[in-house]
Amino acid sequence: MRIDVLTVLPGLFDCFLKEGVIGKAISSGKVEVKVHNIRDFTTDKHRVVDDVPYGGGPGMVLKPEPIFRAYDELTKEGEKPYVLLTEPWGEKFNQEMAVELSKKPRLMIICGRYEGVDERVKSLVDREVSIGDYVLTGGELPAMVIMDAVLRLIPGVLGNLESLRADSFSDRGLLGYPNYTRPAEFRGMKVPEVLLSGHHKKIESWRKEQSLRKTLERRPEIIENLKRKGLLTKEELE
Ligand SMILES: COc1ccc(Cn2ccc3ccc(-c4cc(N)[nH]n4)cc32)cc1
């Protein structure tokens with residue numbers, strides 16, 4: 001997969017693209033992520049990317065020209081990207097969307113700043129995406145959240161963990177099961193016996209039950225959604 005990111009703050013992506021699972025996936029060539037400074041696609045001496053809003057009002061708006069120039073330049077050859085625009089009030093990002101986006105060969109993520117992008121930029125956009133009902137200062141953190149959730153789903157990115165998570169609950173949006181590690185007792189709090197039993201079938205069913213129970217308690221709508229889609233097995237429904 002290739003992802004092109006358009007932003008006026010490219011430096012925000014430096015650590016994200018160097019560290020951890022995402023950093024390894026890029027350095028190993030499993031995925032390609034290129035961050036482009038919208039300012040590099042201006043043509044004036046002051047490299048202006050924003051302007052005051054028509055009709056008045058606070059703040060500034062990202063101009064359409066530099067973004068269109070970047071899009072034209074970056075789509076001259078190769079597959080046309082599926083274009084995302086991060087927005088405070090876009091379609092809510094979730095695991096289902098992450099799975100869908102992970103199947104695209106190429107993405108482009110346009111990150112707004114200030115009061116947002118000129119409305120005409122949306123003629124380039126396939127999906128306006130929000131990462132939650134709270135207002136951030138720009139679209140870069142949402143872009144990193146989306147990239148993190150999508151790239152971890154690319155085959156080979158999670159390495160050997162991938163196979164162990166073949167029918168991973170998280171891919172169905174279920175909440176995770178409790179994790180423990182040594183010591184077996186810490187400040188009077190013991191690890192559940194079943195996890196010390198070495199009985200893999202019992203451990204697996206305990207984890208499945210914990211995940212379903214936690215999801216039912218905290219996010220019942222996820223269970224309803226999976227039921228409606230027939231994505232819960234008979235025993236999971238019991
Ligand atoms: C008119 O109200 C506002 C308009 C824009 C902004 C700041 N801003 C500019 C571009 C941009 C892109 C995404 C987001 C964002 C995404 C989520 N889930 N929260 N916030 C915020 C963004 C603040 C307020």
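Just the heavy atoms: all of them, side chains too, but no hydrogens, waters or symmetry mates, feed the values below. Numbering of residues begins at 1 and proceeds along the displayed sequence.
Taking CG from L196 and NZ from K190, the interatomic distance works out to 10.5 Å, rounded to the nearest 0.5 Å. One distance of note links CD1 of I154 with CD1 of I3; it measures 7.5 Å at 0.5 Å rounding. From L226, atom CG reaches atom CG of L174 across 5.5 Å, with rounding to the nearest 0.5 Å. Distance check: M147 CE to L84 CG gives 10.0 Å after rounding to the nearest 0.5 Å. K202 NZ to E193 CD: the interatomic distance, rounded to the nearest 0.5 Å, is 11.5 Å. With rounding to the nearest 0.5 Å, the separation of CG in L175 from CG in L216 is 10.0 Å.
Under a hydrophobic clustering in which Ile, Leu, Val, Met, Phe, Trp and Tyr are joined whenever their side-chain heavy atoms come within less than 4.5 Å, directly or via other members, W89 and V117 fall into different clusters. In this structure, I203 is not a member of the same hydrophobic cluster as L212, with clusters built from ILVMFWY side-chain heavy atoms closer than 4.5 Å. Tracing side-chain contacts under 4.5 Å through hydrophobic residues (I, L, V, M, F, W, Y), one reaches I110 starting from V145; they form part of the same cluster. Linking ILVMFWY side-chain heavy atoms closer than 4.5 Å, directly or via other members, places F41 and V83 in two distinct hydrophobic clusters. No path of Ile, Leu, Val, Met, Phe, Trp and Tyr side chains, each step under 4.5 Å between heavy atoms, connects V48 with L6, placing them in separate hydrophobic clusters.
When the shell of 6.0 Å around NZ of K201 is examined, it contains 12 or fewer heavy atoms from other residues, nucleotides or ligands. Atom CD of E185 sits in a crowded spot, with more than 12 heavy atoms from other residues, nucleotides or ligands closer than 6.0 Å.
Between the K92 side chain and the S130 main chain, no donor and acceptor come within less than 3.5 Å of each other. Using a distance-only test at 3.5 Å, with no hydrogens or angles considered, a donor-acceptor pair links the side chain of R172 to the main chain of L231.
Scanning both residues, M1 and L151, for their nearest heavy atoms gives SD-CD2, 4.0 Å. Considering every non-hydrogen atom in both L62 and C111, the closest pair reads CD1-O, 4.0 Å. Between H36 and L74 the shortest heavy-atom distance is CE1-CD2, 3.3 Å. Counting all heavy atoms, side chain and backbone alike, I109 lies closest to A143 at CG2-CB, 3.7 Å. When all heavy atoms of R152 and A149 are compared, the pair lying nearest together is CG-O, 3.4 Å. Among all heavy-atom pairs drawn from P81 and D126, the shortest one is O-OD2, 3.9 Å.
D40 meets the side-chain contact (heavy atoms from CB on, under 4.5 Å) test with N37, R47; sequence neighbours excluded. Evaluation of the side-chain hydrogen bond (donor to acceptor under 3.5 Å, both in side chains) rule for D148 yields no partner, not counting sequence neighbours.
E87 and K122 are joined by a salt bridge, as a carboxylate oxygen and a charged side-chain nitrogen come within less than 4.0 angstrom of each other. Ion pairing between a basic and an acidic side chain is recognised when a charged N comes within 4.0 Å of a carboxylate O; E32 and K34 show such pairing. Between E96 and K229 there is a salt bridge, since at least one side-chain N of the basic residue sits less than 4.0 Å from a carboxylate O of the acidic one. Using a 4.0 Å cut-off between charged side-chain N and carboxylate O, R219 and E221 make a salt bridge. Between E204 and R207 no salt bridge is recorded (no basic side-chain N to carboxylate O distance below 4.0 Å).
Counting heavy atoms from C-beta outward, F93 and L101 have side chains that approach closer than 4.5 Å. The closest side-chain heavy-atom distance from L12 to T7 is not below 4.5 Å. In this structure the side chain of S197 never reaches within 4.5 angstrom of the side chain of W206, judged on heavy atoms. Contact of the V35 side chain with the D14 side chain is not registered, since no non-hydrogen atoms from C-beta on lie closer than 4.5 Å. Using a 4.5 Å heavy-atom threshold, the side chains of V5 and L107 count as separate. Side-chain contact between F68 and P66: absent, with no pair of heavy atoms (C-beta onward) separated by less than 4.5 Å.
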- Task: Start with the C-alpha distance between M60 and V52, add both sets of side-chain angles, then the distance that settles side chain to side chain contact (heavy atoms under 4.5 Å, CB included), and finish with yes or no.
- Result: CA-CA 5 Å; M60 302 292 274; V52 295; 3.7 Å; yes
- Message: Does V49 form a side chain to side chain contact (heavy atoms under 4.5 Å, CB included) with T42? I'd like the steps, not just the answer.
- Response: CA-CA 7 Å; V49 292; T42 57; 3.8 Å; yes
- Message: Show, in sequence, the C-alpha distance, side-chain angles and deciding distance for V150 and V99, and conclude whether the side chain to side chain contact (heavy atoms under 4.5 Å, CB included) test is met.
- Response: CA-CA 7 Å; V150 168; V99 172; over 6 Å; no
- Item | Worked check of side chain to side chain contact (heavy atoms under 4.5 Å, CB included) between I146 and V129 | CA-CA 9 Å; I146 292 164; V129 184; 3.8 Å; yes
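Under the side-chain hydrogen bond (donor to acceptor under 3.5 Å, both in side chains) criterion, the residue pairs touching residues 98-116 are D4-R106, E100-R127, R113-T137, R113-E140, with sequence neighbours excluded.
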